[in-house]
Amino acid sequence: MKRILTTTVAASALALMIGMASTNVQAEQLDPNAKPGGEIVITYKDDVATLDPAIGYDWQNWSMIKSLFDGLMDYEAGTTTLRPDMAESYEISPDGQTFTFKLRKGVKFHNGREMTAEDVKYSIERVVNPATQSPGQGFFGSIKGYEEAAAGKADGLSGITVVDPLTVKFELTRPDATFLHVMAINFSHVVPKEEVEKYGADFGKHPVGTGAFKLAEWTLGQRVVFEKNPDYWNTGLPYLNKITFEIGQEPIVALLRLQKGEIDVPGDGIPPAKFQEVMSDPAQKARVVEGGQLHTGYVTMNVNIPPFDNVKVRQAVNMAINKDRIVQLINNRAVPANQPLPPSMPGYAKDYKGYPYDAAKAKELLAEAGHADGFETDLYVMNTDPNPRIAQGIQQDLAAIGIKANIQALAQANVIAAGGEKEGAPMIWSGGMAWIADFPDPSNFYGPILGCGGAVPGGWNWSWYCNEDLDKKAAEADSIVDPAKADERYKMWSDIYVKIMEDAPWAPVFNEQRFTMKSPRMGGADNLYVDPVHIPVNYDHVYVNDVQ
Amino acid sequence: MSIPASPDLPARPNVSARPKRGVLQKLARRPLAVIGLAVVAIVVLGALLAPWLTNFDPDQQMFDGLTLTGEPLPPNATFWLGTDLLGRDLLTRILYGARTSLIIGIVANGIALIIGTLVGVTAGYFRGWVGSILMRFTDLMMAFPALLLAICLAAVFQPSLWIVALVIALVNWVQTARVTYTQTSSLAEREFIDAERTIGASSARILFRHILPHLVPTIIVWGTLGISTTVLLEATLSYLGIGVQPPTPSWGNIIFENQTYFQAAPWLVFFPGAAILALALAFNLIGDALRDILDPTQRGRT
Amino acid sequence: MIAYLCRRLFQSLLILLGISIITFALLYLLPADPVRQIAGRSATPATVESIRRQLGLDQPFLVQYGRYLWNLVQGDLGRSYIQRSEVSELIVARLPATLLLMVGAIVCELLIGLTMGLLAAVRRGSATDQSLMVASFVGVSAPQFVVGLLLLYVFAVRLNWFPIGGYGTFSHLILPSLTVGILGAGWYARMMRSSMIDVLRQDYIRTARAKGLARATVLIRHALPNAILPIVAMIGIDVGILMGGIVVVESVFGWPGIGQLVWQAIQRVDIPIIMGVTLVSAFAIVLGNLLADIVAPFIDPRIKLR
């Protein structure tokens with residue numbers, strides 16, 4: 001009797017647990033302090049361009065899109081660690097060329113329909129389809145059938161197969177270590193076909209996804225409102241009921257309103273003029289979170305234009321710039337950089353010393369290169385504050401070693417065009433257009449901006465640096481798909497970047513820090529407010545403390 | 001609205017010489033004009049003597065020009081007007097900035113005057129379809145939102161001092177064209193011109209000896225008033241970041257570079273702002289007085 | 001009158017056409033590639049070329065212009081390269097803010113300018129007259145962005161009487177309107193002064209005074225209306241001057257109008273928006289001029305339609 005009872009109890013307990021496990025799966029840990037409810041206000045200066053995941057590529061709409069849509073993969077909140085999101089699990093074939101994802105069951109779009117593997121295939125094919133004009137098309141280059149699809153010659157991607165409604169298989173033409181990151185990027189987020197076809201090109205203004213929030217209101221130029229998605233598959237999230245994004249707010253106005261308690265987070269950060277004031281007040285300083293960004297500000301030197309074709313000249317430039325002083329110009333809101341990768345990027349070479357600030361040595365190097373009397377050149381820069389100022393700071397440092405750099409402050413598009421010409425711009429200060437990583441992987445800092453593939457007319461490799469050996473090494477590193485070998489892979493990338501610094505096509509200057517200030521009522525771990533991926537704030541995981 | 005014809009004057013070749021000698025005296029009797037002239041004189045002197053008036057270079061970014069956290073210094077004993085966001089002495093930059101404003105103001109206005117006079121006189125004298133086309137074109141340019149045109153032009157060319165002056169001139173010539181057109185066409189209708197034509201005088205002779213001299217007062221008036229407009233336009237373009245290239249100081253780009261600090265360091269905005277106002281005002285006052293003296297028929301009209 | 005109207009309408013159309021072609025040409029000549037902006041930094045050359053072809057940006061100038069014109073007459077201003085929304089939608093969403101600002105500016109101009117001019121004319125030759133006229137000059141000579149920043153600093157930041165930029169309530173409207181209006185107030189002050197002086201010299205004024213009417217009554221009931229009329233006729237022309245201030249003032253105050261829209265568009269070479277806003281502004285200017293010219297002869301019989 002007792003045995004039957006025990007077994008039954010055990011069996012039913014087991015069944016209960018299994019039952020709970022399958023219907024109440026949570027992808028992430030919930031914060032025990034968080035109470036659901038509440039509304040917050042975030043301000044931005046610039047208009048939100050679009051909320052279409054296939055198109056949105058602004059730092060501003062990037063995380064907004066992440067809250068409206070989901071992809072197969074995502075990152076642990078506040079970190080750069082990958083985890084499965086809408087995929088329940090995944091398998092990678094031993095040769096690293098086939099990825100199979102098992103999707104969660106019961107994920108619903110905001111319009112009520114359940115998401116299936118067909119939707120995943122549709123969404124990615126949509127991005128690759130040239131008619132969509134998506135800036136993210138190139139990320140999927142490793143999928144079989146990409147060439148034909150991207151040229152518009154094929155209807156879909158042959159490399160994506162819908163195995164069953166909850167399983168999707170990707171076949172790649174080469175082993176791609178970054179593929180999981182690509183599955184986490186906005187361009188892979190899943191969209192419902194019927195809504196896209198209904199709205200056509202206006203889908204960006206009427207987004208429908210599977211995300212934690214849905215779009216409640218959009219008044220052009222004034223306000224965007226998100227509402228909690230009550231059917232979100234990740235039960236327990238999000239905590240907030242509503243987020244209001246107010247547009248057209250100058251950073252100074254936003255900060256003053258924050259101080260008055262009218263808003264919760266100024267999305268554009270603390271304006272420089274107020275920075276000192278805020279940080280010297282302990283009460284306000286306590287509400288400021290500082291974190292790194294996957295960003296580097298650098299000066300590019302065009303190796304096609306003499307005298308920058310001489311490595312000694314480029315090294316001299318690296319040693320001539322007083323990075324501490326430049327950082328001082330932006331209120332110490334950055335850290336000096338000595339390599340292309342930012343410190344928070346895996347693969348950052350912690351022990352690499354880089355070029356020291358040594359004007360005398362720099363002059364020596366110039367003399368060795370045959371330019372003892374210096375030379376004249378142009379320094380291109382974007383003409384929005386504070387970039388012309390930083391350029392002038394650099395200009396003065398260069399003048400100290402005899403390089404007369406004339407500043408060309410132009411509209412962003414004009415600078416980009418000059419950089420993309422083979423002999424267009426000898427030097428460019430990247431501020432305002434500097435590279436921010438698309439995903440937290442060292443390879444992202446290579447291809448378009450330092451690899452041979454980017455050194456083409458219209459490309460973003462403004463130094464036109466092309467080292468075929470390094471390209472080969474890069475491809476090798478990216479074929480190490482096995483997650484167990486990740487450290488080995490990162491080491492390879494570190495070596496690549498150190499080698500690049502020996503050739504010095506860039507003079508890295510600083511890595512900007514992010515400072516997010518929040519209102520007293522906002523809760524959640526600090527790293528949510530300087531999330532390196534969901535910038536600036538991870539809307540899905542933050543909460544307020546004053547919920548009734 | 002057309003300007004009523006001036007009373008008949010016999011055609012005198014040196015009709016322009018006489019007013020000039022009396023003009024300065026007449027100006028001297030008007031206090032507002034005197035103030036205007038004084039301000040212009042101060043600005044010109046400041047611009048010329050800039051190297052000797054201060055100890056600093058306008059481009060010199062000084063380490064002790066900023067606090068350790070990168071904030072500018074308020075006016076103090078070393079830096080009389082304080083420093084800007086790069087640690088440069090503001091007074092020095094404002095003095096050198098006067099050069100930029102004056103040069104661009106005068107050059108741009110000069111080019112605008114030349115273009116405007118050419119267009120207006122040609123249209124007014126030759127009439128016919130040439131005149132028609134020129135005047136329609138002038139109407140078109142008047143309807144163009146000036147600042148947008150300037151911004152587009154500036155984006156097409158690589159900016160430099162002369163390009164900025166050219167851009168401003170291209171936006172500003174229409175007023176002069178209008179005015180010279182009206183005057184020329186009314187002059188050209190008068191009898192003595194017909195008489196000249198009958199005796200076989202060439203167009204060039206008529207233009208230079210009989211028409212242009214009558215236009216001189218108008219050109220002087222509009223020339224002076226125009227400098228005020230070009231100074232303001234240069235300041236605006238620099239404020240938008242599309243004026244002269246840094247580090248060349250211009251009152252407008254000083255404000256552009258430092259405006260994020262206007263709450264904490266308002267002097268960075270208001271000293272150069274006051275300078276722009278003063279210069280533009282000065283030329284307006286002088287121009288208005290000149291208009292009263294040289295062309296009383298235009299008084300009160302814009 | 002009808003003939004005049006038709007002629008003017010036709011001329012206005014030609015003007016707008018001319019402006020469109022000049023702007024289109026300038027934007028075409030820009031040394032910047034809008035396709036690069038759209039395609040983004042990770043795009044392959046193949047992607048860029050495909051986008052270029054789709055947008056028709058690989059066609060020769062005249063073909064591109066022709067297509068633009070063809071769409072324009074059908075009311076299609078194209079789609080923003082960056083935002084992908086219809087330009088007309090973006091402009092319509094922001095136009096009310098700009099119009100509101102212009103109305104506010106006109107109200108300020110008239111209130112301040114006409115009052116100043118009236119006072120100056122009535123106390124002609126006195127110190128009041130002189131100082132008011134200097135003030136009007138100051139208004140005309142002050143750079144608008146400085147005035148804006150000054151007003152913002154003194155009244156919003158220091159005194160806290162008004163919000164620091166932004167949009168939404170009446171108090172948000174005051175400082176920007178003042179900034180744009182001060183320029184016009186200077187003009188109107190001087191015009192009002194001379195208009196008033198002219199009117200005060202007229203016989204009927206002297207008759208009214210001789211009849212024993214109080215000075216104030218004469219002023220307000222007889223002189224003022226006649227003095228104001230020719231000035232009010234000029235308001236249409238004002239539109240052109242006001243348009244000039246829009247880009248800068250909207251930028252200083254964070255005012256969500258079409259000036260702010262076009263400024264953002266210029267940075268990103270978003271050609272459809274730049275074209276759209278330029279044409280809309282030019283249209284407003286042309287319309288304003290037309291109205292002013294039509295209204296003028298009704299108000300001031302001395303003016304004849306040319």
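Values below: all heavy atoms of this structure, side chains included; hydrogens, waters and symmetry mates excluded. Quick note on labels: first sequence line is chain A, next is B, and so on, each numbered from 1.
- Heavy-atom neighbours of A/W59 CH2 from other residues, nucleotides or ligands within 6.0 Å: above the threshold of 12.
- When A/P386, A/A273, A/A409, A/P271 are compared by the number of non-hydrogen pairs under 4.5 Å with chain B, A/A273 comes out ahead.
- By number of non-hydrogen pairs under 4.5 angstrom with chain B, the leading residue of A/I252, A/L410, A/I390, A/N414 is A/I252.
- Proximity to chain B is absent for every atom of A/E277, based on heavy atoms less than 4.5 angstrom apart.
- With rounding to the nearest 0.5 angstrom, the CG atom of A/N322 is 8.5 Å from the CZ atom of B/F63.
- Ranking A/G393, A/A411, A/P388 against chain B, the residue ahead of the rest is A/G393, based on heavy-atom pairs under 4.5 Å.
- In this structure, OG1 on B/T69 lies 12.5 Å from CD1 on A/I330, to the nearest 0.5 angstrom.
- Looking at B/N253, there are no atoms closer than 4.5 Å to chain A (heavy atoms on both sides), in backbone or side chain.
- Considering all non-hydrogen atoms of both residues, A/P272 and B/E71 come closest at O-OE2, 4.5 Å.
- Contact annotation for B/Q61: both backbone and side-chain heavy atoms come within less than 4.5 Å of a heavy atom of chain A.
- Checked options A/K274, A/E250, A/R389; the residue passing with B/T260 is A/R389 (criterion: side-chain contact (heavy atoms from CB on, under 4.5 Å)).
- Looking at B/T67, the atoms closer than 4.5 Å to chain A (heavy atoms on both sides) all sit in the backbone: N, CA, C or O.
- With 3.5 Å as the limit, one finds no donor-acceptor pair spanning the side chains of B/Q60 and A/Q396.
- Here the CG atom belonging to B/L66 is positioned 6.5 Å from the CG atom belonging to A/L329, to the nearest 0.5 angstrom.
- Distance CD/B/E257 to CG/A/D385: 7.0 Å, rounded to 0.5 Å.
- With a threshold of 4.5 angstrom between heavy atoms, A/L256 approaches chain B through side-chain atoms but not through N, CA, C or O.
- In terms of heavy-atom pairs under 4.5 angstrom with chain A, the leader among B/L240, B/D84, B/L85 is B/L85.
- Minimum heavy-atom separation, B/R88 to A/Q392: NH1-OE1, 2.6 Å.
- Taking B/P246, B/A265, B/A154 one by one and counting their heavy-atom pairs under 4.5 Å with chain A, the maximum is reached by B/P246.
- Note that CG of A/N331 is 12.0 Å distant from CG of B/L68, once rounded to the nearest 0.5 Å.
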